[in-house]
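Structure record follows, encoded as structure tokens.
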Amino acid sequence: MKNDIKRICVTEEKIMEIVKRLGMQITKDYEGKEPLFVGLLKGCNPFMMDLLKCVNLRCTLDYMDVSSYDGCTSTGQVKICHDLDESVEGKDIILVDDILDTGRTLNEVKGILSKRGAKSIKLCVLLNKPEGRKVDLEADYVGDLVPNEFVVGYGLDYNEKYRNLPYIGVLKEEIYSK
């Protein structure tokens, strides 16, 4: 599996620094509030779990399973595979995802949560890939920038593989161009 990685672009140590920094900032920004963290499955899992350990607030969490990728290509269509278990009406939402790439998925989900009556919605992403953007969207909390290459690890996948890598790496092109 490690042989499939061209290079590491965000180390395990750097990820932990990012998580602590974002957790402290969210704690400060939401002091006196009880936000609902909404994670987008499956990629958010490692990031969200580590992030919540660094957030010193009363908070709740829920998940949505959404998809807009087929292999390494965005389809442009956002499909909800599993919806939230609780209402977002009147709540401060922190929408958590592994990467902001095209922006289509996060933009669509943000719109859905807004229509459902969320009091506020902030986006928190581990990685930002501005070169991939197809819609005008920026995250409120950003861990790190990544190059316009196909990255995997720490929740990010290629056909459900590589999520378990403890770092973010650039996948060798011959792996996903087969």
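Predicted model only: the values in this text are computed from it and were never measured.
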Quick one: does [X]'s side chain get under 4.5 Å of [Y]'s, heavy atoms only?
| X | Y | value |
| --- | --- | --- |
| D140 | I94 | no |
| L51 | Y141 | no |
| N128 | E138 | yes |
| I121 | V38 | no |
| I18 | V10 | yes |
| Y154 | L127 | no |
| L126 | I168 | yes |

Sequence-distant partners of [X], side chain to side chain contact (heavy atoms under 4.5 Å, CB included), two or more places apart:
| X | value |
| --- | --- |
| D98 | L156 |
| K129 | I99, D101, E131, V146, N148 |
| R7 | P147, E149, V170 |
| A139 | L100, L123, V125, V142 |

Please collect all salt bridge (Lys or Arg N to Asp or Glu O under 4.0 Å) contacts where either partner lies in residues 14-26, sequence neighbours excluded, each pair once.
none

Listing request: all side chain to side chain donor-acceptor pair (under 3.5 Å) pairs with a residue in residues 33-46, at least two apart in sequence or in separate chains.
K42-E160

Assign the ring pair F150 / Y158 to parallel, tilted or perpendicular, where the plane angle (0 to 90°) is split at 30° and 60°.
perpendicular

CG/L95 to SG/C124 distance, rounded to the nearest 0.5 angstrom?
9.0 Å

Donor-acceptor pair between D92 and Y30 side chains, under 3.5 angstrom
no

